[in-house]
2 protein chains.
Amino acid sequence: MEDVARDAGVSRALVSLVMRDSPKVSPAKRTAVLESAAALGYSPNRLASRLASHRTNTVGVLFLDLHNPVFADIYDGIAEGLAGSGNQVMVAVGSADPGTELEAIRSFADLRVDGILLAGYTGSPEELETALRGTPAVVITRELEVDGVDSVLTDDFRSGALAVEHLHGLGHRHIAHVDISDWLPYTARREGYLWAMRQFGLEPMLVHSDMTGRGGRAVMEQFLASGAALPTAIFAHNDLTAVGIMEALASHGVAVPDDVAIVGCDNIEVAASPLIGLTSIDQHAGELGRLAAQVMLERLAGGSVPAVTRKLEPALMVRRSSSPGAGS
Amino acid sequence: MEDVARDAGVSRALVSLVMRDSPKVSPAKRTAVLESAAALGYSPNRLASRLASHRTNTVGVLFLDLHNPVFADIYDGIAEGLAGSGNQVMVAVGSADPGTELEAIRSFADLRVDGILLAGYTGSPEELETALRGTPAVVITRELEVDGVDSVLTDDFRSGALAVEHLHGLGHRHIAHVDISDWLPYTARREGYLWAMRQFGLEPMLVHSDMTGRGGRAVMEQFLASGAALPTAIFAHNDLTAVGIMEALASHGVAVPDDVAIVGCDNIEVAASPLIGLTSIDQHAGELGRLAAQVMLERLAGGSVPAVTRKLEPALMVRRSSSPGAGS
DNA sequence: GTGAAAGCGCTAACAT
DNA sequence: ATGTTAGCGCTTTCAC
């Protein structure tokens, strides 16, 4: 920087201003500086500038899992929502390991990112609060009671109820639910399912899986091997699980939806494929990302307003896997 | 840090040593420092430490697209390959916009990451070289001639040839190829296809698409609408495209593989689904990521050895979409 | 608009 | 093993 200033015949301060394209430099000097910088192959060290300015203009985004396309949808929304705000996105991936997730959050905090977006946080509120060390955050797809942490999600309880209402309306009375509660603290969809089943006076039937397609498939294979009577309909915690279930059923010659109707959740792209035709509950993933970005920008601008929760209404997308005329 | 030192009754330097858990501190002082740090809620500012130490222990990873699951597989490999090396992963997503990609690379360089892994770089070698500013890099899924930039990929030419050989062996003579060359500089699979078609004395038939499922579907819809005679087999640039093509065919009642056989490329998880059953050319995505990580670690340790290229052999995975007995 | 001076919060030789 | 002294490369006052 010293060199650039000398080469352009100006002060270091002026170079600094040009690099942050401040409006208070004359066009002449600006081009002179830029030319010298280009000639000398100079580019500012952002570590130094961030340290000195106490601002990073960066928001960190933590994803639970890159394999679930719902996170790609959320990412697109975030990128769109942050576009033009002058903020940079920095991504980290949490993986299944619980320590990794907190490590990534701590790392963001130590790097002094301006804010953190958590897509699929699986830990406890307390751990989150200490890991954040005051960094503003918004959790996506979950509601958390932590100071300075906003929540953006789709109504999971309602999603579960919606699935049951749809299947009940089709005439189904034996509706099973494959949840992931052994795995992660996401229980609201199950609660909605249980509530709706109770409303209709139906007997709930719960099976536990993880959140992957492989998990759903394994659980269904196991069920089929057990020889137990099949339900006439299954509501799966997410589409990945639902597709896994459909795969297992297909391998065993069980017809969908004629023998068993299937409803997933998330409405990922593959659910809409004519080859799959999975009925699903749309969570508006892209919109969640956009909203989370917006909430974060407001918090970064507006100081420390009280934590906010934005909850979207899920939307039922009926497809072949639960088409009427079959089932019951 | 000053405060912690005072509180623990030691010097700042000692605190610094404890924070990096150096072996040269007495256990007594170590615990004293850690306790004070915890009590005061102190955690080191990594911007400052990185600036002062000139080391970040971070490698940046740039992905072309989060929607293609092949990148999730590559990520897993990278994470595995980097595990235990003391390096942190920082992810950025390039998106379709060509400027975004270079901007992300420049950003990594300005943040002084130790190295950059590029999964699906789409720009030119020259642009890459200037954006890197000397940062070591390895490109995955592509071979690039740039100083200090290694390449890790699966033989794309061979993949294209393999697809044709497989289909030819099944008796197919009218084999079309859907490529993405209008979109991205990935032409080797097409070259392999063209070479093999020539070897067999067959007439090539090229259709251009992007790299998405939607693109593949659109291209096939358009083809079907044109009324032109269908080939008996199609080799698609990747599995996403192949599935899109299968969707379009299904919508129009064209049977796979009886009317048209399909071969994709990448062997993403969904290809193996019994609901899809897509024959594909495995690129060993996870292995690519692991290898890229390993090559990067070697470069970071070994100084500036000449650029290296590691090329894997593709593997044909035959499934229903090209099952024998049908076709020709 | 410009230049000087004082940090940002840490690490890295040195000495002790 | 521990304290001291300089910086890392930039941003920010502040007076000119």
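So you know, we letter chains A, B, ... as the sequences are listed, proteins then strands, and number each from 1.
- Considering only side-chain atoms of B:Ala13, the nucleotide from D:dT2, C:dC10, D:dT4 that sits closest is D:dT4.
- No option in A:Val138, A:Leu82, A:Ile78 other than A:Leu82 meets the side chain to side chain contact (heavy atoms under 4.5 Å, CB included) test with A:Val59.
- Defined by atom type and a distance below 3.5 Å, a donor-acceptor pair is present between the side-chain atoms of A:Gln88 and B:Ser107.
- Side-chain nitrogen and oxygen atoms of A:Arg50 include none within less than 4.0 Å of the OP1 or OP2 phosphate oxygen of D:dC10.
- One can place CG of B:Leu47 at 10 Å from C1' of C:dC10, the figure rounded to the nearest angstrom.
- Residue A:His54 places its side chain closer to C:dG9 than to any other of C:dG9, D:dG3, C:dT11.
- The nearest whole Å value for the distance from the CE atom in A:Met1 to the C1' atom in C:dT2 is 13 Å.
- Out of C:dG1, D:dC10, C:dG9, the shortest distance to the side chain of B:Ala52 is found at C:dG9.
- The phosphate of D:dG3 (OP1 or OP2) has a side-chain N or O of B:Ser11 nearer than 4.0 angstrom.
- Put simply, A:Arg20 has a side-chain N or O that comes within less than 4.0 Å of OP1 or OP2 on D:dT11.
- Nucleic acid contact for A:Leu51: base, since at least one base atom lies under 4.0 Å from a heavy atom of the residue.
- Following rounding to the nearest Å, A:Lys29 (NZ) and C:dG1 (C1') show an atom-to-atom distance of 8 Å.
- Test B:Thr154, B:Leu153, B:Asp156 against B:Lys311 for side chain to side chain contact (heavy atoms under 4.5 Å, CB included) and you get one pass: B:Leu153.
- Between B:Ser53 and B:Leu14, it is B:Leu14 whose nearest contact on DNA chain D lies nearer the 5' terminus.
- Salt bridge status for B:Asp150 with B:Arg310: absent, with no side-chain N to carboxylate O gap under 4.0 Å.
- Comment: B:Arg30 does not engage B:Asp21 in a salt bridge, judged by the lack of any side-chain N to carboxylate O separation of less than 4.0 angstrom.
- Atom P of nucleotide D:dC10 and atom CG of B:Leu111 are separated by 13 Å, given to the nearest angstrom.
- Atom CZ of A:Arg46 is separated from atom C1' of C:dC8 by 18 Å (rounded to the nearest Å).
- In this structure, A:Lys24 does not reach the C:dT2 phosphate: none of its side-chain N or O atoms is under 4.0 Å from OP1 or OP2.
- With a 6.0 Å cutoff to the six-membered ring centre and a 45° limit on the axis angle, A:Arg142 does not count as a cation-pi contact of A:Tyr121.
- In this structure, A:Ser49 does not reach the D:dC10 phosphate: none of its side-chain N or O atoms is under 4.0 Å from OP1 or OP2.
- In this structure, CZ of B:Arg30 is placed 12 Å from C1' of D:dA1, rounded to the nearest angstrom.
- Between D:dT11 and A:Ser16, a contact under 4.0 Å exists linking OP1 or OP2 to a side-chain N or O.
- Here C:dG1 presents its C1' atom at 17 Å from CG of A:Asp21, a figure rounded to the nearest Å.
- As judged by a 4.0 angstrom heavy-atom cut-off over every strand, A:Arg55 is placed among residues touching the sugar-phosphate backbone only.
- Across the protein-nucleic acid pair, A:Glu2 atom CD and D:dT11 atom P stand 14 Å apart, rounded to whole Å.
- Comparing D:dG3, C:dC10, D:dT11 by their closest approach to the side chain of A:Arg12 singles out D:dT11.
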